[in-house]
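Note sheet for the following structure.
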Amino acid sequence: MGELDGKVAIVTGSGRGIGRAIALALASKGADVVVNVSKSVEEMNRVVKEIKDLGRKAIGIVADVSRMSEAEKLIKETIGSLGKVDILVNNAGIARPAMCYKITEEEWSSVINVNLTGTLNCIRAVAPHMIERRTGKIINIASIAGRDGMIGNINYAASKAGIFGLTKTAAKELARYGITVNAVAPGFIETAMTEWLKEPKFQEKYIPRIPLGRIGKPEEVAALVVFLASDKSNYITGEIIALDGGLVMI
Ligand code: NAD
């Protein structure tokens with residue numbers, strides 16, 4: 001018996017990286033999982049197969065979460081295929097590095113639209129269903145960039161700081177319906193998004209700032225998400241939990 005047996009989870013942006021690790025971890029604890037991407041159908045199908053190989057149900061849904069109508073489609077198709085949504089993990093995110101004094105309108109809005117508006121869109125779309133069922137777990141993937149700021153990532157840091165406020169507010173609004181809303185704020189995690197960190201000059205710059213002395217793994221983020229998706233965390237809501245090896249950003 002897994003602690004998530006009988007649960008249905010949606011993980012946005014789960015074709016690779018942290019989202020994929022979360023989807024697989026939830027499935028390994030017994031959940032049926034919806035794998036979502038905006039474009040990369042091949043990656044999505046691969047993760048769907050990996051979940052089915054674990055003996056769980058899995059479906060792939062292509063939807064760009066930055067658009068309200070597509071977020072609504074994601075929730076509607078999940079309920080149509082799997083009957084309900086118990087767990088929503090808002091993981092989809094992009095980075096478009098830019099300094100505050102050089103950023104273009106498009107660099108700003110594209111990151112805000114996916115990371116922040118995309119998170120709101122999915123919460124907006126799933127909340128009526130969770131309210132009706134008087135149960136639900138919503139977990140948002142933020143970043144320590146939202147807590148500390150991050151040079152060259154003004155749009156990304158602002159979008160993640162926005163997720164802090166969104167998480168705390170949605171937690172207050174939905175608590176009376178038995179729904180918890182929390183966020184995980186990872187530090188540097190080994191994925192395609194942090195490929196640049198492999199360069200020696202960045203290793204030299206950032207590793208000394210991490211007391212645990214290493215970059216984190218997607219599976220370590222996934223383990224915390226499983227906890228927040230399980231009944232073990234029923235009395236936690238509105239929290240932003242850092243998972244950063246003790247990172248001190250400049
Ligand atoms: P990644 O680039 O490997 O994966 C991002 C996923 O999101 C991809 O599957 C992509 O297809 C999907 N996606 C992008 N735009 C989308 C959209 N509009 N709709 C639906 N899906 C979309 O990145 P990752 O490192 O795995 O990051 C996952 C999350 O974790 C992001 O929110 C990111 O900001 C956050 N995060 C990452 C790190 C890190 O160090 N890697 C640190 C802190 C927070």
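All values below come from the heavy atoms of this structure, side chains included, with hydrogens, waters and symmetry mates left out. Read the numbers this way: they start at 1 and go in the same order the structure lists the ligands and their atoms.
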Can you name the nearest heavy-atom pair linking [X] to [Y], along with the distance?
{"X": "Asn153", "Y": "Pro97", "answer": "OD1-CA, 3.9 Å"}
{"X": "Pro218", "Y": "Ile18", "answer": "CB-CA, 4.1 Å"}
{"X": "Ala21", "Y": "Ala222", "answer": "O-CB, 3.5 Å"}

If only side-chain N and O atoms count, and only distance matters, is there a donor-acceptor pair under 3.5 Å linking [Y] with [X]?
{"X": "Ser230", "Y": "Lys7", "answer": "no"}
{"X": "Asn182", "Y": "Lys137", "answer": "no"}
{"X": "Thr167", "Y": "Asn140", "answer": "yes"}
{"X": "Thr191", "Y": "Arg16", "answer": "no"}
{"X": "Thr119", "Y": "Asn90", "answer": "no"}

- Message: Applying a strict under-4.5 Å side-chain criterion to I, L, V, M, F, W and Y, I'd like to know whether Ile87 and Leu54 cluster together.
- Response: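 Yes: a chain of side-chain contacts under 4.5 Å links Ile87 to Leu54.
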In ligand 1, which numbered atoms sit nearer than 4.0 Å to a non-hydrogen atom of [X]?
{"X": "Thr194", "answer": "39 (C), 40 (O), 41 (N)"}
{"X": "Ala92", "answer": "7 (O), 20 (C), 21 (N), 22 (C), 32 (O)"}
{"X": "Gly15", "answer": "9 (O)"}
{"X": "Ser143", "answer": "43 (C), 44 (C)"}
{"X": "Ala63", "answer": "19 (N), 20 (C)"}
{"X": "Asn36", "answer": "20 (C), 21 (N)"}

Give the residue and atom name of whichever protein heavy atom lies nearest to [atom], and the separation in Å to one decimal.
{"atom": "atom 30 (O) of ligand 1", "value": "Ile141 CG2, 3.4 Å"}
{"atom": "atom 2 (O) of ligand 1", "value": "Arg16 NH2, 2.6 Å"}
{"atom": "atom 27 (O) of ligand 1", "value": "Met193 CE, 3.9 Å"}
{"atom": "atom 5 (C) of ligand 1", "value": "Gly93 O, 3.7 Å"}
{"atom": "atom 7 (O) of ligand 1", "value": "Gly13 CA, 3.4 Å"}
{"atom": "atom 11 (O) of ligand 1", "value": "Ser40 OG, 3.9 Å"}
{"atom": "atom 44 (C) of ligand 1", "value": "Ala142 O, 3.2 Å"}
{"atom": "atom 16 (C) of ligand 1", "value": "Ser38 OG, 3.5 Å"}

- Message: Quick test of your reading of the model: are Glu50 and Arg20 salt-bridged, counting only N-O distances below 4.0 Å?
- Response: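 Here Glu50 pairs with Arg20 in a salt bridge, since their nearest N and O are under 4.0 Å apart.
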- Can a salt bridge be assigned to the pair Lys29 and Asp5 using a cut-off of 4.0 Å between side-chain N and carboxylate O?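 Salt bridge absent between Lys29 and Asp5.
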Looking only at distances, please establish whether an N/O atom of ligand 1 is found under 3.5 Å from an N/O atom of [X].
{"X": "Thr191", "value": "yes"}
{"X": "Lys160", "value": "yes"}
{"X": "Ile189", "value": "yes"}
{"X": "Tyr156", "value": "yes"}
{"X": "Asn115", "value": "no"}
{"X": "Phe188", "value": "no"}
{"X": "Ile18", "value": "yes"}

Specify side chain, backbone, both or neither for [X], according to which of its non-hydrogen atoms lie closer than 4.0 Å to ligand 1.
{"X": "Arg20", "answer": "neither"}
{"X": "Val65", "answer": "both"}
{"X": "Ile144", "answer": "neither"}

- Distance-only, no hydrogens or angles: does the Asp86 side chain make a donor-acceptor pair with backbone N or O of Val8 under 3.5 Å?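 Checking the backbone N and O of Val8 against the side chain of Asp86, a donor-acceptor pair under 3.5 Å is found.
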- Query: Would you say His129's side chain and Val85's backbone share a donor-acceptor pair under 3.5 angstrom?
  - Reply: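 Answer holds: yes.
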- Can you tell me which residue pairs pass the ring pair (Phe, Tyr, Trp, His ring centres under 6.0 Å) test with a partner in residues 197-217, sequence neighbours excluded?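 Listed by first then second residue: Phe188-Tyr206, Trp196-Phe202, Trp196-Tyr206.
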- Query: Which pairs count as salt bridge (charged side-chain N to carboxylate O under 4.0 Å, His left out) when at least one residue sits in residues 64-82, sequence neighbours excluded?
  - Reply: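 Sorted pair list comes back empty.
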- Query: So which of Ile94, Asp64, Asn91 gets nearest to atom 31 (C) of ligand 1, if we judge by its closest heavy atom?
  - Reply: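 Nearest option to atom 31 (C) of ligand 1, by heavy atoms: Asn91.
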- Query: Could a heavy atom of Pro218 be found less than 4.0 Å from some atom of ligand 1?
  - Reply: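 Heavy atoms of Pro218 never come under 4.0 Å of ligand 1.
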